[in-house]
Amino acid sequence: MREKIIEAAHKLEHDMTEALTRLCRIPAISPHNGGTGEEAKIHELEAIISGLGLTGARTHIERVDDDTMSRPSLFLEYPGRNSRRICILSHVDVVPEGDRTAWTLDPFSPEIRGTRLYGRGVSDNGTCLVSSLFALKALVDAGITPEYSILLAFVADEEMGSHYGLEPLLERGIFRDDDLVIVPDSGNDAGDFIEIAEKAMWKLSFTVTGKQVHASLPHKGINACRVANMLAYEVDEALHKAFQEEDARFDPPFSTFEPTRRLANVPAVNIVPGRECFDFDCRVLPGVSLDDAFDVVEKIRRDVERRTGAKIELVVDRTDAAKPTSPDDEVCALLVRSVRSVLGIEPKTGGIGGGTFAALFRRKGIPAVVWSQECGGVAHQPDEFTEISYLVNNAAVFAQMMAGE
């Protein structure tokens, strides 16, 4: 059966490349990020599914806050010998292209260059979206009835937090406690890494309010830029000193506390700014208490206020780490066998600092694994690309899982 599956997947390489090209031409960017949403892309995906002769697709729609735009997600179900389901979730939305001058092509006019397809979203998450669909097509073409029933989910709003995608879908009860859930939204070029754990995501936004004055008379004001510099340095140093735990499942194996965004303050060099805003992006190991980390930051915030006379506001966006999926769980064992069989490699399990759909399932008590063979480091970058061969390999692995091999 393995040989039939791999052969069927290889025969579909051209069709997969064409389908990914069609989907990439449609900028499914969140309206909260300046785009028009996923509706046009979902319609194109429905046309592709129909063209493959597959039936049973259905749409679930969420509405944005003012009810003027739909945020559709598409589901495709296929029966197997077993009523228990394999669920593969990919996301339809993409991030904006960013600086167009950094691209060597139109981000939404994909191009094949050698063994690669270039364009926004072809890697994140287009390759696995297409691969999961054509995995089912490969089984149908090979005349193989899947062992498990199949639920393919093509979901909206992943890039902006899943508020109009997976979160409400989970609340509707579409997924079952015994579903075998695969989220192909992280991986590496070798295809030998299965993600079973994610760090907590902790975002800190500071606003420092001082007193704006002419730069020649700094003693008459409170320089918010200087206070912000002091605060950022002390928070950075204190967090790294207080939380030095390591967990070998993760790369890097420690918590990260990174000062990142700094907003513009004043328009001229001769103005002492009275307001300064900056952020930290922190990815924190599951064993570290975010309450303890907050106490460290809060102590420094109060101390810097007292020493400088500035007012410092702190807004925290907190997403605690979900309980990791056990490497012995059935879905992980099935994925390991399929990767081993198709790619001839021995995958390892571990954790990542980013956030995926899997964490939402784990918080609901549903084990989930994250895997794909993908081009490392190209997501969200100019000239994003995928290796065309990864379409075939991913499809073959997913099909092998569906077949229960």
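Every value quoted in this text rests on a predicted model; they were computed, and no experiment measured them. Numbering starts at 1 and runs along the sequence shown.
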_Residues Ser162 and Glu167: side-chain donor-acceptor under 3.5 angstrom_ = no

*Spell out, as yes or no, whether a donor-acceptor pair under 3.5 Å connects the side chain of Asn125 to the backbone of Pro184.*
yes

*Start with the C-alpha gap between Ile86 and Leu334, add the side-chain angles, then the distance that decides, and say whether side-chain contact (heavy atoms from CB on, under 4.5 Å) holds.*
CA-CA 10 Å; Ile86 281 185; Leu334 179 59; 3.8 Å; yes

_Just verifying a value: how many Å separate Leu239 CG and Leu204 CG, rounded to the nearest 0.5 Å?_
7.5 Å

*Give a yes or no answer on whether the side chain of Glu159 reaches the backbone of Ser30 with a donor-acceptor pair at less than 3.5 Å.*
no

*What's the spacing between Glu305 CD and Leu231 CG if we round to 0.5 Å?*
9.5 Å

*Any side-chain heavy-atom pair from Val316 and Leu290 closer than 4.5 angstrom?*
no

*Answer yes or no: is there a side-chain heavy-atom contact under 4.5 Å between Asp185 and Phe357?*
no

*asked:* Within the structure provided, determine whether His91 and Glu38 are in side-chain contact (heavy-atom separation under 4.5 Å).
replied: no

*First locate atom CG of Leu23, then atom CZ of Phe108, and finally report the distance between them rounded to the nearest 0.5 Å.*
12.5 Å

*Establish, from distance only, whether the side-chain atoms of His163 and Glu62 form a donor-acceptor pair under 3.5 Å.*
no

*Please collect all side-chain hydrogen bond (donor to acceptor under 3.5 Å, both in side chains) contacts where either partner lies in residues 202-211, sequence neighbours excluded, each pair once.*
Ser205-Asp279

*Would Glu97 and Ile29 count as a side-chain contact (heavy atoms from CB on, under 4.5 Å) if you check the C-alpha gap in whole Å, the side-chain angles of each, and the deciding distance to 0.1 Å?*
CA-CA 10 Å; Glu97 66 272 25; Ile29 297 169; 4.3 Å; yes

_Atom CZ of residue position Arg318 - does it have more than 12 heavy atoms of other residues, nucleotides or ligands inside 6.0 Å?_
yes

*Is any side-chain heavy atom of Glu46 closer than 4.5 Å to a side-chain heavy atom of His43?*
yes

*Does CZ in Arg226 sit with more than 12 non-hydrogen atoms of other residues, nucleotides or ligands closer than 6.0 Å?*
no

*Is the backbone of Ser123 close enough, under 3.5 Å, to the side chain of Glu374 for a donor and an acceptor to pair up by distance?*
no

*For Ser73 and Ala156, indicate whether the former's side chain and the latter's backbone hold a donor-acceptor pair under 3.5 Å.*
yes

*Are the charged groups of Arg100 and Asp106 less than 4.0 angstrom apart, N to O?*
yes

*Heavy-atom distance under 4.5 Å between the side chains of Arg283 and Pro252, does that happen here?*
no

_I'd like to know whether CG of Asn270 has more than 12 heavy-atom contacts from other residues, nucleotides or ligands below 6.0 angstrom._
yes

_So does Ser186 get a backbone contact from the side chain of Ser372, meaning a donor-acceptor N/O pair under 3.5 Å?_
yes

*Side chains of Lys364 and Glu171 in contact at under 4.5 Å (non-hydrogen atoms)*: yes

_Whether Asp157 side chain and Asp93 backbone form a donor-acceptor pair below 3.5 Å_ = no

_Sub-4.5 Å side-chain heavy-atom contact between Val378 and Arg116_ = no

*Roughly how far, to the nearest 0.5 Å, is CG of Asp236 from CD of Glu258?*
7.0 Å

*Any sub-3.5 Å donor-acceptor pair from Ser70's side-chain atoms to Pro72's backbone N or O?*
no

*Before accepting this row, confirm whether a basic side-chain N of the pair Asp303/Arg307 lies closer than 4.0 Å to the acidic partner's carboxylate O.*
yes

_N/O donor-acceptor pair under 3.5 Å between Glu384 side chain and Gly121 backbone_ = yes

*Going through the checks in order, is the side chain to side chain donor-acceptor pair (under 3.5 Å) test met by Arg176 and Ser83?*
CA-CA 11 Å; Arg176 306 170 187 161; Ser83 62; 5.5 Å; no

*Residue from Arg249, Arg362, Lys348 passing salt bridge (Lys or Arg N to Asp or Glu O under 4.0 Å) with Glu195*: Arg362

*How many angstroms lie between CD1 in Ile388 and CD in Glu13, if you round to the nearest 0.5 Å?*
6.5 Å

*How long is the span from the CE atom in Met401 to the CD atom in Glu147, to the nearest 0.5 Å?*
13.0 Å

*Side chain of Arg120, backbone of Gln381: donor and acceptor closer than 3.5 Å?*
yes

*Between Phe278 and Arg262, is there a cation-pi geometry (under 6.0 Å to ring centre, at most 45° from the normal)?*
yes

*Does Trp371 reach the main-chain N or O of Pro347 with its side chain, forming a donor-acceptor pair under 3.5 Å?*
no

_Under 3.5 Å, is there a donor on one side chain and an acceptor on the other for Asn265 and Glu276?_
yes

*Can you name the salt bridge (Lys or Arg N to Asp or Glu O under 4.0 Å) partners of Glu298, sequence neighbours left out?*
Arg301, Arg302

*Is it true that the side chains of His10 and Glu7 contain a donor and an acceptor less than 3.5 Å apart?*
no

Show every donor-acceptor pair shorter than 3.5 Å between a side-chain atom in residues 126-142 and any protein atom, with sequence neighbours excluded, or say none if there are none.
| unit_1 | atom_1 | unit_2 | atom_2 | d |
| --- | --- | --- | --- | --- |
| Thr127 | OG1 | Val122 | O | 2.7 |
| Thr127 | OG1 | Thr386 | OG1 | 2.8 |
| Ser131 | OG | Thr127 | O | 2.8 |
| Ser131 | OG | Leu391 | O | 3.0 |
| Ser132 | OG | Cys128 | O | 3.2 |
| Ser132 | OG | Leu129 | O | 2.8 |
| Lys137 | NZ | Leu52 | O | 3.2 |
| Lys137 | NZ | Asp141 | OD1 | 3.2 |

*asked:* Test side-chain contact (heavy atoms from CB on, under 4.5 Å) on Arg363 and Leu360; report intermediate values, then the result.
replied: CA-CA 5 Å; Arg363 291 190 186 99; Leu360 296 173; 3.9 Å; yes

*Are any of the side-chain heavy atoms of Glu387 and Cys375 separated by less than 4.5 Å?*
yes

*Fit a plane to each ring of Phe243 and Phe257, take the angle between them on a 0 to 90° scale, and name the class: parallel (under 30°), tilted (30 to 60°) or perpendicular (over 60°).*
tilted

